[in-house]
Amino acid sequence: MNAADTKQQTDRLLDLRDLRTYFYVDESVLPAVDGVSFHIDRGETLCVVGESGCGKSVTAQSIMRLIPVPPGRYVSGEIEFDGRDLLRLSSEDIRRVRGREIAMIFQEPMTSLNPVHSVGRQISEVIRLHREPSPKAAMKMAEEALRMVKVPDPHRRIHEYPHQMSGGMRQRAMIAMALSCRPKLLIADEPTTALDVTVQAQILELIRQLKEEVGMAVMLITHDLGVVAEMAERVVVMYAGKVVEQASAYDLFGDPRHPYTRALLECIPRLDQERGELMIVRGQVPSPHRFPSGCRFHPRCPEALDICSEEVPELVQVDGRSVACWLYDAAGEEVS
Amino acid sequence: MSESLVQVQNVVKYFPLRAGVFGRVVDHVRAVDGVSLDVPAGSTLGLVGESGCGKTTLARVIMRLLPADSGSIIFSGEDIAKASPEQLRRLRRQMQIIFQDPFSSLNPRMTVGGIVTEPLKIHTDLDRAGRRERAAEVLGVVGLSKRDLDRYPHEFSGGQRQRIGIARALVLQPKLIVCDEPVSALDVSIQSQILNLLRQLQTDFGLTYIFIAHGLNVIKHVSDRVAVMYLGKIVEDGEAHNIFEDAQHPYTKALLESIPVPDPRARRIRATLEGDVPSPLNPPPGCRFHTRCSVAIPVCSEEEPPLLEVTRGHRVACHLVHPDGNSRAEEG
C-alpha cells in the first residue's frame, strides 16, 4: 500500500501526452478533452476524478479509440501504450488491443450487457475472439471467470440472462468479461455509481483483489472522493477538459494544492464530521459549449487573481506531483 | 422534543403480483411491512437503506400518493389514511415532495413560471399576476431570479433544476417536505449548495423534512432523527447521535462501514456485507437480515425480532441486542 512515486520509467504502461479530443457539432467546437497529459505505471491504480463535463469519460474512450469520428476528432496528442501510439494504429490493430490488452467496464451494467444473450455466451464470445479456443472450452473459461469474480453458483449462473441478475451481479459479470483475457489495463468508468453503498464496497474490494491476482493496472474514473481515497495510488483531478492537479493519494488528500481540489474535499458530507453548514463551491459546472477563458475554474475560485481570467496556467511538475494554478510559481512554491 | 407533525402507526403496503391470463394475484411484494415512526415538527427524519428496502414507498404512503393497506398516518392530528377527498385536498397543500432526478421531474414543455405557479392554480384563488408574483418571490428564496420565470427547464443545469423543484415544493408554504434523494443525481460541488439551501429553508420557514438517501454521510449532515430500513421494516431508529455513535443493529453497522472515507490513511477492508438484498417478494423468515448477517445466531432464522428501545428514543430490532425480546414484547 505504499505510494507509487518510486517507480521507474521502464514501468510505464500508458503515457498520455497533450491529448485533445474535440467534438464538432452545429458549427461549434466542444473541446471536451483539451491538452490532457498523465501516465499509468504497470500494476498501478490511478484514479481520475472530476465532475460532469470535465472530460474524464471522453479521455477513457479516447484511450480505447471509441470516440465516434465524426462528430469527434482526435485533434492532437499521443497515447503511448506499451510502446505503441494507439492513435496511429489501424482499426484492425486497435481491435486487437481492445478487450485483450485494455478492457473497460461501465457505470450501467444493464445497458452494457446484451439482453438477448446469456452472460456465459457473452463472456465466452470475448474469449473466443481473443484467445481462440473452442466454444466448449471458452464456456468453461467463462465459468471460471465468473467464479473468479465470486458469482455464487457459476455453473448455473452462466446460463442466466442479464435481467435475471441483480445490479451487483451484473457488474461482476462485466468485470468477469473484462478480465477474461487478462488485460494489462482495466479502465473502470464509474463502475459503482449505480450501485448501493454495500454492493459498492463489495465491487471495490473485488477490483482491488483481482488487480493483485492478475497484476494489471487500473484506471478508475469516479466523481466520489471517498472511492478515490479507498482505491488510488495516484490521482488525476480534471476540471473542464484539463488536468488541474496530479499527485499521490496521500499527497492529494493530505495537502491538496489546487483550489478546485481543496473545494471538492471541503464540500463533501463526511461521516467523520459533525452536522453543520457545508462548504460550497459557488456557481455551476461549466459546459464545454462555453468554457471560461484563462483558468477554467476562475469564475468559481475563491482565490482567483487578475491573471487567472486571462492566461491558461501550465501544469507545473514539482516533486512527483503537479498543479496547474497561478497561485504557484515554477518551483511549486505558493505565490504570496 | 416538540410534538409530532407526522405519526405513522403500523403502516403496511403490499403490491400484488399478478400472473396468467386472468391477472390472478399470485403473490405480494411486501414493500412496507408494519412501520411505525414519529416525525417531530420542525425536524428532519433521515430515512436510509439499500434500494428496494421500501423507503420511497413509505414516503409515498405517508403523502397518500399510494394508499396504505392498513395502519394509520396522523398528520397534524388528522388521519391521512382515512381522509375524505375534501380533507385530503386541504392536507395535500401542507405536504410536498422533491424528487431525485431534476431532469425527469420537470415538464420540459412548461416554463419555470408555469411549473412553479401550477400548485397555486390548484390550491389557491390567486389571480395570474398574484401567482407570478408569489412564484418570483419563491424563486428568489431558492437562489434563482424573476427573470427565470419565462425560461424552460432545459436552459438550466442540474443544480438549478433542483432549485426549481424546491421552489415548486415551497410555493404553497407546506409544513412537510419529502426529499427523495434530492442530491444523488447532482455533481459533488453542487450537492453542498442544495443541502445548505434545504437547511436554510428549514430554519427560515420551520419546515419538517423526511429526507430519503441511501448514503449515511448525507443523512448525517441533515438529520435530527434517523430510521434505518431493511426489506420493508425499520431495523433501527433513534436520534442521529444514537445511530452514528452507538449503532446497535448489525445492518446499521455494515451500512456505516461501507461508506468510503475520503482519507487514504483510513483505508480498510470494508466489504462486511455479503450478497444483495433478498427479494421483498419472499423475505427470509425470522429476522429478514439474517441471511447476510455475520453474527446471526439460530434464533434469528426462526423468530422475528421486535423493535424495542435500548435507550430512550433509540429502538433496535435484533435478537443479539434484546435476547429476551419476544417475551418483553408480549408483556408490553
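This one's a predicted model, so the numbers in the text were calculated from it and none came from an experiment. Numbered from 1 within each chain, the chains take letters A, B, ... in sequence-line order.
- Side-chain contact between A:Leu278 and B:Arg199 is absent, with no heavy atoms from C-beta onward closer than 4.5 Å.
- For B:Val222, the part sitting under 4.5 Å from any heavy atom of chain A is the backbone (N, CA, C, O) and nothing else.
- In this structure, A:His289 places its NE2 atom where only 12 or fewer heavy-atom neighbours from other residues, nucleotides or ligands lie under 6.0 Å away.
- Taking CD of B:Gln191 as the start and CD1 of A:Ile280 as the end, the distance is 13.5 Å to the nearest 0.5 Å.
- With values rounded to the nearest 0.5 angstrom, B:Ser189 atom OG is found 3.5 Å from A:Arg300 atom CZ.
- Between chain A and the residues B:Ser51, B:Gly49, B:Ser157, the most heavy-atom pairs under 4.5 angstrom are made by B:Ser51.
- For chain B, the nearby parts of A:Ala249 are the backbone and the side chain; heavy atoms of each come within less than 4.5 Å.
- Side-chain contact check for A:Gln200 and B:Ser258: no donor-acceptor pair (N or O, by modelled atom type) lies under 3.5 Å.
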What do the steps show when you test A:Thr198 against B:Leu255 for side-chain contact (heavy atoms from CB on, under 4.5 Å), and what is the final call? CA-CA 6 Å; A:Thr198 54; B:Leu255 274 186; 3.7 Å; yes
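- A salt bridge (charged side-chain N to carboxylate O under 4.0 Å, His left out) check over residues 189-203 of chain A, counting only residues at least two apart or in different chains, returns the pairs A:Lys56-A:Glu190.
- For B:Gln193, the side chain to side chain donor-acceptor pair (under 3.5 Å) partners are B:Arg163, not counting sequence neighbours.
- In terms of heavy-atom proximity, B:Pro264 sits nearest to A:Tyr250 at O-OH, 3.8 Å.
- Qualifying ring pair (Phe, Tyr, Trp, His ring centres under 6.0 Å) partners for B:Phe289, counting only residues two or more places apart in sequence or in other chains: B:Tyr230, B:His249, B:Tyr251.
- With respect to chain B, the highest number of heavy-atom pairs below 4.5 Å among A:Ala263, A:Gly254, A:Ala232, A:Pro152 belongs to A:Ala232.
- With a 4.5 angstrom heavy-atom cutoff, B:Ile190 touches chain A via backbone and side-chain atoms both.
- Heavy-atom distances place no part of B:Ser184 under 4.5 Å from chain A, backbone and side chain included.
- Among the residues in residues 236-245 of chain A, none has a non-hydrogen atom closer than 4.5 angstrom to a non-hydrogen atom of chain B.
- Looking only at side-chain heavy atoms (C-beta outward), A:Ile268 and B:Ser192 stay at 4.5 Å or farther from each other.
- Side chains of A:Pro269 and B:Leu195 form a contact here, defined as non-hydrogen atoms less than 4.5 Å apart.
- Of all non-hydrogen atoms in B:Lys220 and A:Arg270, the two that sit nearest each other are CD-O, 4.3 Å.
- You'll find the side chain of B:Val188 reaches within 4.5 Å of the side chain of A:Glu51, heavy atoms only.
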